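Everything on this sheet refers to the single structure shown next.
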2 protein chains.
Amino acid sequence: MTREERRRRTEAAILLAAQEQFAEQGFERTTIRSVAGQAGVDPALVMQYFGSKEQLFGASARWTVDHKMLGSATREELPATALADMFEGFEDDVQRREAALALLRNCLTHPSAAGVMRDDVMCEAQAAVAGTIGGDDAELRAGVLGACMIGVTIARYLLEIPALTGATREDLERVLLPALRQVVDPG
Amino acid sequence: MTREERRRRTEAAILLAAQEQFAEQGFERTTIRSVAGQAGVDPALVMQYFGSKEQLFGASARWTVDHKMLGSATREELPATALADMFEGFEDDVQRREAALALLRNCLTHPSAAGVMRDDVMCEAQAAVAGTIGGDDAELRAGVLGACMIGVTIARYLLEIPALTGATREDLERVLLPALRQVVDPG
DNA sequence: GTCTATATCTTGATAGAC
DNA sequence: GTCTATCAAGATATAGAC
């Protein structure tokens, strides 16, 4: 293993540890020391690789909205597409889940996380679907769609409300999709 | 003004300042010093009255769910009742709004706030309406109803998504109520 | 009773030894 | 290049003067 490989491996270990702690305990309660401890490296190394706690958080907390999938969905497909996007983001890939959780966990208390959540996640997703919803209320309906999805996501993965955590994907589809259809298509 | 009155007034001023800062900046970013400064008192006085920052937070962050109103609503009335509860809690009374915001702002990052939010708000509200929803999915439907309401509340009052903050009460009723009716009554 | 002063702790960040 | 040792800042909480 070359030195460059070792360096990349160490950096990846630090990043994963940081994502887990930011996702679980939030920004303020995770310390450089605790991240270094979990990653098995020296705290000074974390600073050397990432510069500051803020930059480490920026590299850790990410949310990827699938614009292509959302943008190409028809109005009838929108609810199912939005729900599928949630499942893909939070249950399929570990890396993506931890990064998204790290952002969502801190979006109410960390200034930059709040900005990313509002501008790069919510408003972007809203813009991607408002056109296919159409009508006078398009923006509002797109916003409500996103708000409901965020609420379900928070209740299920962060607050861990038993009724939500205990629901299967089919349960959620059965209960949620008809409601979301009413949001995107009042007719 | 008697000494007891003065004491109560001072305590109320401290509590209001604490609620505003907990609601706006979150638990970690508000300090005893800043609360005392805004209230115009000495930091030591805050400690003397409330014991600790944790207890001050406990007294500041409160959420009152109107069980009576929710519990006595028919299934048809449930969506409108839930929405009315949100507006009453967040737009009518200043004290109640700041207390609720203080809890909501911190419910993802502060352990005790998370517990109160899950157990005393979400699960309580869920239990209050599950009976009137009925059917096999009653608990899940009640949970989804609460999750959507929380999502809209967060998007509107905390994340301040333009499409949500710009909506009037009538806008939200028009867009949201038909969807919530689908949640509580799939028939 | 109120507040000044401070103890004690923890944090992010840095400098220099090896 | 990695880590030991430490700095400087800021927090809660307390003890004692007035």
Side-chain angles (χ1 to χ4, degrees), chain A residues 1-61 102-103 105-106 108-113, chain B residues 1-61 102 105-106 109-113:
Chain A
M1 186 184 318
T2 98
R3 187 142 64 194
E4 184 59 22
E5 274 179 337
R6 277 179 55 99
R7 142 109 201 195
R8 242 179 272 168
R9 244 167 227 257
T10 304
E11 193 170 316
I14 293 173
L15 189 63
L16 182 60
Q19 288 176 325
E20 287 184 13
Q21 295 196 9
F22 284 139
E24 187 119 345
Q25 309 164 359
F27 178 83
E28 306 283 352
R29 296 179 134 80
T30 86
T31 66
I32 300 286
R33 284 171 172 81
S34 65
V35 169
Q38 182 175 333
V41 302
D42 191 272
L45 211 59
V46 178
M47 300 300 297
Q48 186 176 335
Y49 283 179
F50 290 91
S52 70
K53 185 184 179 184
E54 194 63 37
Q55 287 174 278
L56 177 61
F57 179 68
S60 300
L103 184 71
R105 174 74 71 190
N106 295 284
L108 300 184
T109 42
H110 191 285
S112 87
Chain B
M1 185 184 318
T2 97
R3 186 142 64 195
E4 184 60 22
E5 274 179 337
R6 279 179 54 98
R7 141 110 202 196
R8 240 179 273 167
R9 245 166 225 258
T10 305
E11 194 171 315
I14 293 172
L15 189 62
L16 183 60
Q19 288 177 325
E20 286 183 14
Q21 296 198 8
F22 284 139
E24 187 118 344
Q25 310 166 357
F27 179 84
E28 307 282 352
R29 296 178 136 81
T30 87
T31 67
I32 299 286
R33 284 172 171 82
S34 64
V35 169
Q38 182 175 333
V41 302
D42 191 272
L45 212 58
V46 178
M47 300 300 296
Q48 186 177 335
Y49 284 178
F50 290 92
S52 70
K53 185 184 179 183
E54 193 63 37
Q55 286 175 278
L56 176 62
F57 179 68
S60 299
R105 175 74 71 189
N106 296 284
T109 43
H110 191 286
S112 88

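Throughout, a chain's letter reflects where its sequence line sits, starting with A, and its residues are numbered from 1. Worth knowing before you read on, the calculation uses all heavy atoms, side chains too, and leaves out hydrogens, waters and symmetry mates. This structure is a prediction, so every number in the text was calculated from the model and none was measured.
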Starting from [atom2] on [N], measure out to [atom1] on [X] and report it in whole angstrom.
{"X": "A:R8", "N": "D:dG1", "atom1": "CZ", "atom2": "C1'", "result": "17 Å"}
{"X": "A:K53", "N": "C:dT14", "atom1": "NZ", "atom2": "P", "result": "15 Å"}
{"X": "B:E54", "N": "D:dA11", "atom1": "CD", "atom2": "P", "result": "17 Å"}
{"X": "A:D42", "N": "D:dA5", "atom1": "CG", "atom2": "P", "result": "11 Å"}
{"X": "A:Q48", "N": "C:dA15", "atom1": "CD", "atom2": "P", "result": "13 Å"}
{"X": "A:L45", "N": "C:dG12", "atom1": "CG", "atom2": "C1'", "result": "16 Å"}
{"X": "A:I14", "N": "C:dG12", "atom1": "CD1", "atom2": "P", "result": "14 Å"}

Margin query: Just verifying a value: how many Å separate B:K53 NZ and B:T31 OG1, rounded to the nearest 0.5 Å?
Written below: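 These two atoms lie 7.0 Å from each other.
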
Next item on the list: Hey, could you give me the CG/CD distance between B:N106 and B:Q25, rounded to the nearest 0.5 Å?
Entry: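 Here the interatomic distance stands at 10.5 Å.
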
Check: Mind checking whether A:H110 and A:F57 have parallel, tilted or perpendicular rings, split at 30° and 60°?
Finding: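 Rings of A:H110 and A:F57: tilted, 30 to 60°.
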
Item checked: Presence of salt bridge, B:R29 and A:E28, under 4.0 angstrom -> yes

Check: Is the Lys NZ or Arg CZ of B:R7 less than 6.0 Å from the centre of B:Y49's six-membered ring, within 45° of the axis?
Finding: yes

Next item on the list: Enumerate the residues from residues 24-33 of chain A whose closest heavy atom to DNA chain C is under 4.0 Å, giving them by residue number; use none for an empty result.
Entry: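 Heavy-atom contacts with DNA chain C come from A:T30, A:T31, A:I32, A:R33.
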
Check: Distance-only, no hydrogens or angles: does the B:Q21 side chain make a donor-acceptor pair with backbone N or O of B:S34 under 3.5 Å?
Finding: yes

Next item on the list: Select one nucleotide: of D:dT2, C:dT4, C:dG12, the one nearest the side-chain heavy atoms of A:Y49.
Entry: D:dT2

Next item on the list: Would you mind reporting whether B:L56 and B:V46 have side-chain heavy atoms less than 4.5 Å apart?
Entry: yes

Notebook entry, point to check: Residues in ring-ring contact (aromatic ring centres under 6.0 Å, His included) with B:F50, at least two apart?
Noted result: none

Might you list the N or O atoms of the protein lying below 3.5 Å from N or O atoms in nucleotides 14-17 of chain D, with each pair's distance?
none

Notebook entry, point to check: Looking at B:S60 and B:L15, what are the two nearest heavy atoms and their distance?
Noted result: OG-CD1, 3.6 Å

